[in-house]
2 protein chains.
Amino acid sequence: MGSSSKTLPVERWNRIREALKTERVVRVVDLCRRLGVSSATLRRDLEELEARGELHRVHGGAVAVDSRLDEPVFEDKAEMAAREKHRIAEAALRRIASGWTVYLDGGSTVLNLARELRTRKDVVVVTNSLRAAMELAGEGPRTILVGGELRRLSQTLVGPLTRYVLDALQFDIAFMGTMGISPDGTITTTEPAEAFTKEWVLGRAHQVVLLADRSKYGKVAFARAGHMKDVDVVITDRGLSAEWRRRLRTWSVQLVEV
Amino acid sequence: MGSSSKTLPVERWNRIREALKTERVVRVVDLCRRLGVSSATLRRDLEELEARGELHRVHGGAVAVDSRLDEPVFEDKAEMAAREKHRIAEAALRRIASGWTVYLDGGSTVLNLARELRTRKDVVVVTNSLRAAMELAGEGPRTILVGGELRRLSQTLVGPLTRYVLDALQFDIAFMGTMGISPDGTITTTEPAEAFTKEWVLGRAHQVVLLADRSKYGKVAFARAGHMKDVDVVITDRGLSAEWRRRLRTWSVQLVEV
DNA sequence: GCATTTATGATTGACTTCGATCGGATGTGT
DNA sequence: ACACATCCGATCGAAGTCAATCATAAATGC
């Protein structure tokens, strides 16, 4: 009625297309309020647009047809965290001198470092991570996998055999990941067997570097994997609180922010 | 009906995909908290995604399906006599008793056996083959990877560290592959380091089973990996000459034709 | 003007999703 | 080999969502 408030269907469709383009996923209830129409109308619209192949309907809403994982929005979000990890990995890479023996722990942050290391043929890599080994399986530096029992969830090698092998090795530098760093400096992870392996590595490396993005500070997981006093360097993305900086100083840990 | 706090299944699925993509492995309990849903819901999601072939469920979580399990040279070889190798693997599987410790050598023939072993949870598998380990990484029996240096071409672990680990282990049965069996009974392979590892395993297994299709008889590769006198059983596809049967008898090797 | 067409909103019963619970299966540690 | 902890899958009730039907209102055609 009147002149201004009434909108044509085609106009509404364009607004739906727009929302779908930027948000990739839309909810019926949401769009109802935003467009000021009833759910029935909106459903009819979505039905129409689906028939034209412009979107795909799902329970509770609709998704863009080309919402493959590699599409912009998701890539942005995933890439955002990935870029942090990438920068941390790059900083880690710069700390490795030629000819060194490098230990790589399991964990997604360290996995990025493994990928970076493919260009460094001048070092020797030792790891208990099957995923890291797979990264380096195609090309890269000499790679040694420690032995041990395969832990399915983490895809790492742990257990007594791992310790037995680690006892025969030592490292110039070890890069470790963690699930959490508690305020008292305890490094924790979810898997006891893995925690034990981590702690054992700490004692066999000349220099220990912990790779931990912001989200790890204050988090506490189940099993103790060592203490920050055994760590020499922490590489973190920016934005660490003054409180945590103070704590790191207390534990004589060098902080590297990227 | 709240406002926008409710999330669509698709959104959650995408977050799961995202986590799986960056972390390769996810835990049910972890994802529950991160996504703010019950374990039941998450299980349903994982079930759904597994049905679509987007991931693989394991006890306690899920792992990404590894699409790049295909190495050019290797896969070609595997494809050549695929059916023969499959039949050989099946025959090999039947020789494994419950509770045994099984060693799997590198090589495409043995890799088929690893695949078959995914259904056998009643044994322990030890291997120096990264590919075999990857085969068993998703589900299967307890798996132990020996340590050692990663040899890129064959994707196996070899070298002094491997021998060091093998010294601490012994096996009820060992399944070995080979590049060739010479008329005088020498088992050969192309890579000395690998040959050395093979020969070392022969001495640590109660029973040695050689998996060798027809094409291996009479072939001679560079490095000696042992002698047929150390082998207890050979599993081969049909069509072995009388001459070779006679030789196998000489070396006291039991011949199994499939 | 009156009937027809089109767009929209409300109602209702069926369906889907979700979370809690429980018995049973699966690993884990001693 | 045993006991213990954890994890799994099935079931059920509650809540949200869907699709179909009917009613209303504006636009169109005669």
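Here is the naming used below: chain letters follow the sequence lines, and residue numbers restart at 1 for every chain. Please read all numbers here as calculations on a predicted model, not as lab measurements.
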Can you figure out which of C/dG19, C/dG9, D/dT17 approaches the side chain of B/Ala40 most closely?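 That would be C/dG19.
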Closest approach to the side chain of B/Pro9, judged atom by atom: which nucleotide of C/dG19, C/dG9, C/dT17 is it?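 Among the listed nucleotides, the one closest to the side chain of B/Pro9 is C/dT17.
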Report yes if at least one side-chain N or O of A/Arg57 is closer than 4.0 Å to OP1 or OP2 of D/dT17; otherwise report no.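 Negative; the distance criterion is not met.
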May I ask you to verify if any side-chain N or O of A/Arg12 is less than 4.0 angstrom from the OP1 or OP2 atom of C/dA7?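 False: A/Arg12 side-chain N/O out of range (4.0 Å or more) of C/dA7 OP1/OP2.
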Residue closer to the 5' end of DNA chain C, A/Arg151 versus B/Asp45 (nearest nucleotide):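 Whichever sits nearer the 5' end wins; that is B/Asp45.
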Which residue lies toward the 5' end of DNA chain C, A/His59 or B/Thr41, if each is placed at its nearest nucleotide?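 First, find each residue's nearest nucleotide; the 5'-ward one identifies A/His59.
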Looking just at side-chain N and O atoms, do B/Ser154 and B/Arg151 make a donor-acceptor pair shorter than 3.5 Å?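 Judged by distance alone, the side chains do pair up.
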Need one value for [X]: base, sugar-phosphate or nothing, where a base atom within 4.0 Å counts as base even if backbone is also close, heavy atoms only.
X: B/Gly99; result: nothing
X: A/Gly61; result: sugar-phosphate
X: B/Arg142; result: nothing

Whole-Å distance separating the [atom1] atom of [X] from the [atom2] atom of [N]:
X: A/Glu47; N: D/dC18; atom1: CD; atom2: C1'; result: 10 Å
X: A/Arg43; N: D/dC18; atom1: CZ; atom2: P; result: 4 Å
X: B/Leu46; N: C/dC18; atom1: CG; atom2: P; result: 13 Å
X: A/Arg27; N: C/dT17; atom1: CZ; atom2: P; result: 16 Å
X: B/Leu31; N: C/dG19; atom1: CG; atom2: P; result: 14 Å
X: B/Asp30; N: D/dC7; atom1: CG; atom2: C1'; result: 14 Å
X: B/Glu48; N: D/dG9; atom1: CD; atom2: P; result: 14 Å
X: A/Leu42; N: C/dA7; atom1: CG; atom2: C1'; result: 14 Å

Sub-3.5 Å donor-acceptor pair from the side chain of B/Arg204 to the main-chain atoms of B/Leu169, do we have one?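 Yes; judged by distance alone, with no hydrogens or angles, the pair exists.
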I'd like to know if A/Arg44 reaches the base of C/dG9 with its side chain, counting only an N/O donor and acceptor under 3.5 Å.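 Indeed there is one.
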Test: B/Glu11 and A/Arg27 ion pair at under 4.0 Å: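 Yes, charged N to carboxylate O under 4.0 Å.
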Test: A/Glu47 and A/Arg57 ion pair at under 4.0 Å: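 A/Arg57 and A/Glu47: not salt-bridged.
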For A/Phe171 and A/Tyr103, take the angle between the two ring planes, folded into 0 to 90°, and tell me which bin it lands in: parallel under 30, tilted 30 to 60, perpendicular over 60.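 Correct class here is tilted.
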